[in-house]
There are 2 protein chains.
Amino acid sequence: MAFDTALTTLLEIRHPILLAPMAVASGGALAAAVSDAGGLGFIGVGYADERWIEAEFQAAGSSPVGVGFITWHLLREPHRLEVALAHKPAAVIFSFGDCSPFIDAVKRAGAKVLMQVQTLAAAREAARLGADAIVAQGTEAGGHGGGRGTLPLVAAVVDAVAPIPVVAAGGIADGRGLAAALTLGAAGVLMGTRFYASTEALGHAEAKARLISGEGDATVRTTVFDRVRGYAWPTPYTGRALTNDFVRAYHGRESELDERMAEERERYAAAAAAGDLATAVVWAGENVDLIHDIAPAGEIVHRVVEQAQRAIAAAALSFHAAPSAYQDTQAD
Amino acid sequence: MAFDTALTTLLEIRHPILLAPMAVASGGALAAAVSDAGGLGFIGVGYADERWIEAEFQAAGSSPVGVGFITWHLLREPHRLEVALAHKPAAVIFSFGDCSPFIDAVKRAGAKVLMQVQTLAAAREAARLGADAIVAQGTEAGGHGGGRGTLPLVAAVVDAVAPIPVVAAGGIADGRGLAAALTLGAAGVLMGTRFYASTEALGHAEAKARLISGEGDATVRTTVFDRVRGYAWPTPYTGRALTNDFVRAYHGRESELDERMAEERERYAAAAAAGDLATAVVWAGENVDLIHDIAPAGEIVHRVVEQAQRAIAAAALSFHAAPSAYQDTQAD
């Protein structure tokens with residue numbers, strides 16, 4: 001069982017399943033595992049430096065992988081793109097900012113350019129800039145994102161940027177989500193939180209465990225973790241995380257956090273180093289309800305593929321031809 | 001072409017498409033038109049009195065229809081339920097509050113009990129209360145709702161309340177949305193904004209026109225319209241509307257509105273009466289991007305049915321068996 005969509009054709013992959021380039025979590029081993037299973041893994045550079053980028057491409061070995069950047073941060077450290085391109089990534093995903101200064105370099109390096117957007121207006125701009133594919137990311141996503149819901153955003157972006165392939169992101173953790181994305185007209189999905197809950201993801205075991213016990217009702221889009229970590233995220237991006245004591249203390253009371261920043265920044269850094277998740281962040285999407293185990297990433301890919309097929313087949317069975325329905329009625 | 005889902009069986013309808021009981025907009029003519037096309041229409045009582053309820057059931061004529069209540073408001077005017085039940089509705093939808101005092105009366109009247117929820121926790125409570133079907137409403141919805149995104153909420157509710165049929169709501173305006181809902185495991189959809197943009201919906205023609213020109217990027221969940229109209233909506237419900245001058249003036253500055261309430265309430269009432277939509281509300285979901293005309297409700301139902309079938313068939317075609325793919329590779 002494999003797929004044939006505009007995304008599998010574009011990226012020369014078997015399954016239209018992409019690993020979100022999660023900062024810290026999406027290292028080379030995870031990216032390679034997703035690619036080896038037929039999807040495409042993306043190393044998530046995030047705020048990391050050149051040494052980290054080198055190490056994670058080494059960890060990916062000979063598997064083809066992509067790489068993803070937080071664009072506003074890359075604009076401050078633009079040489080990191082060249083470091084990544086030297087490893088011949090299959091594709092580059094840009095998120096959260098104006099990637100226009102980087103497009104030519106990526107295309108010259110032979111990599112596909114994917115742009116992740118959170119609004120219909122940004123999707124139109126990505127099409128104008130020449131994106132090879134556009135990731136439409138809904139607010140349900142874990143980590144950084146915007147305010148629009150995945151389901152109507154994906155359909156609207158598909159209409160607006162055709163024939164550019166659209167990838168659905170935000171809230172997708174299983175084959176039902178992939179099936180829904182395909183019916184909306186997307187050519188594939190990008191998943192973060194589901195792959196964070198994988199064997200190969202970088203991150204504390206306790207943080208991964210929280211993804212299993214966490215509930216979608218208890219996630220929140222907030223700026224408090226960016227503030228305390230000193231990352232100057234531009235408006236309107238926020239990060240979705242599990243609600244914890246730190247969120248309860250400061251979300252909606254950001255000015256109080258700003259007032260106590262010196263001491264709180266120190267306390268937060270210590271908590272993060274110690275894995276104290278009452279204070280430290282666990283980024284998570286609303287789809288944590290659908291995550292019940294820490295599994296190898298390749299197994300996750302295969303489960304999603306098989307469940308998507310079943311979901312589409314089941315939906316197709318819910319149709320029946322009207323004439324026979326009328327005949328049934330008349331036979332009664 | 002018709003459907004066979006747990007919802008069509010429960011409600012004895014041909015298509016798993018429900019009209020949201022939109023206050024003011026969902027009158028008897030619109031409800032009847034949706035039912036006559038094979039779905040089920042719901043008269044939206046909202047804040048209306050007994051005379052309005054009587055008039056709209058008369059307008060529905062002999063078509064089977066349901067009725068929907070804003071539960072916290074019905075708790076203040078509980079006799080309105082009896083007025084509606086006297087008309088033998090096929091089903092009653094309760095939204096936004098504790099409907100437990102009303103369930104027995106509805107069941108005694110022979111109507112099905114649908115409960116609309118915005119969280120997984122509320123879905124579990126609805127199952128415990130004996131809902132015949134549960135509407136999982138995502139934040140993309142127009143009008144009042146909550147904070148969770150439709151796509152992951154629907155899948156999580158399906159898992160939590162099986163085998164109770166789940167209806168997806170929020171962001172659905174076309175057949176792709178119905179197809180996505182079915183693949184997520186829902187048994188049907190409930191649509192509001194798409195039916196507001198119908199010939200039969202009650203409401204200003206200019207408001208309907210705004211649904212066609214409006215963009216999903218420019219909708220917002222806010223409390224400013226409830227405040228100025230004097231409706232004491234409980235936390236955490238907010239209403240999604242098109243951004244207009246009134247939103248720009250007061251959303252995020254609600255205390256300023258409260259300070260000027262006497263004059264602003266008078267000004268707002270005059271604007272609403274005059275159809276001045278720079279001030280008066282137009283409730284709208286994020287799916288306004290997908291709405292391009294004012295159409296008869298029956299035609300909307302048929303379009304959704306046909307497009308859903310095409311969307312599922314197209315998604316099914318994106319699969320192909322792996323062995324033949326390998327053979328293709330080997331033949332190269």
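No hydrogens, no waters, no symmetry mates; every other heavy atom, side chains included, goes into these values. Note on naming: letters A, B, ... go to the chains in the order of the sequence lines (proteins, then strands), and numbering restarts at 1 for each one.
Put simply, of Val154(B), Asn287(B), Ile172(B), Asp217(B), the one with the most heavy-atom pairs under 4.5 Å next to chain A is Asp217(B). Counting heavy-atom pairs under 4.5 Å between each of Ala179(B), Ala122(B), Ala155(B), Ala316(B) and chain A puts Ala155(B) at the top. For chain B, the option among Asp159(A), Leu153(A), Thr139(A), Thr5(A) with the highest count of heavy-atom pairs below 4.5 Å is Asp159(A). When each of Gln118(B), Arg310(B), Glu286(B), Arg221(B) is checked for heavy-atom pairs under 4.5 Å with chain A, Glu286(B) comes out on top. Interface check for chain B: of the options Val288(A), Leu182(A), Ile312(A), the most heavy-atom pairs under 4.5 Å are formed by Ile312(A). Options Leu120(A), Leu178(A), Leu151(A), Leu317(A) differ in how many heavy-atom pairs under 4.5 Å they form with chain B, and the most are formed by Leu120(A).
Proximity to chain A (any heavy atom under 4.5 Å) is shown, for Ala314(B), by neither the backbone nor the side chain. Only the side chain of Leu290(B) comes within less than 4.5 Å of a heavy atom of chain A; its backbone N, CA, C and O stay farther away. Proximity to chain B (any heavy atom under 4.5 Å) is shown, for Ala308(A), by both the backbone and the side chain. Contact of Gln309(B) with chain A is made through backbone and side chain together, with heavy-atom distances under 4.5 Å. In this structure, chain B has a heavy atom under 4.5 Å from the side chain of Val158(A), while its backbone stays farther away.
Ser318(A) and Asp4(B) form no side-chain donor-acceptor contact under 3.5 Å, judged by distance and modelled atom types alone. There is a side-chain donor-acceptor pair under 3.5 Å between Arg240(A) and Thr219(A).
Annotation: side chain of Ile134(B) is not in contact with side chain of Pro165(B) (no heavy-atom distance under 4.5 Å). The closest side-chain heavy-atom distance from Thr8(A) to Arg14(A) is not below 4.5 Å.
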side-chain contact (heavy atoms from CB on, under 4.5 Å) assessment of Leu18(B) paired with Leu7(B):
CA-CA 10 Å; Leu18(B) 310 185; Leu7(B) 189 71; 4.1 Å; yes

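In this structure, the side chain of Gln307(B) engages the main chain of Gly175(B) through a donor-acceptor pair within 3.5 Å. Although no hydrogens or angles enter the test, the distance criterion places no donor-acceptor pair under 3.5 Å between the side chain of Thr223(A) and the main chain of Thr238(A).
Phe3(B) and His15(B) have perpendicular rings, their planes meeting at more than 60° on a 0 to 90° scale where under 30° would count as parallel.
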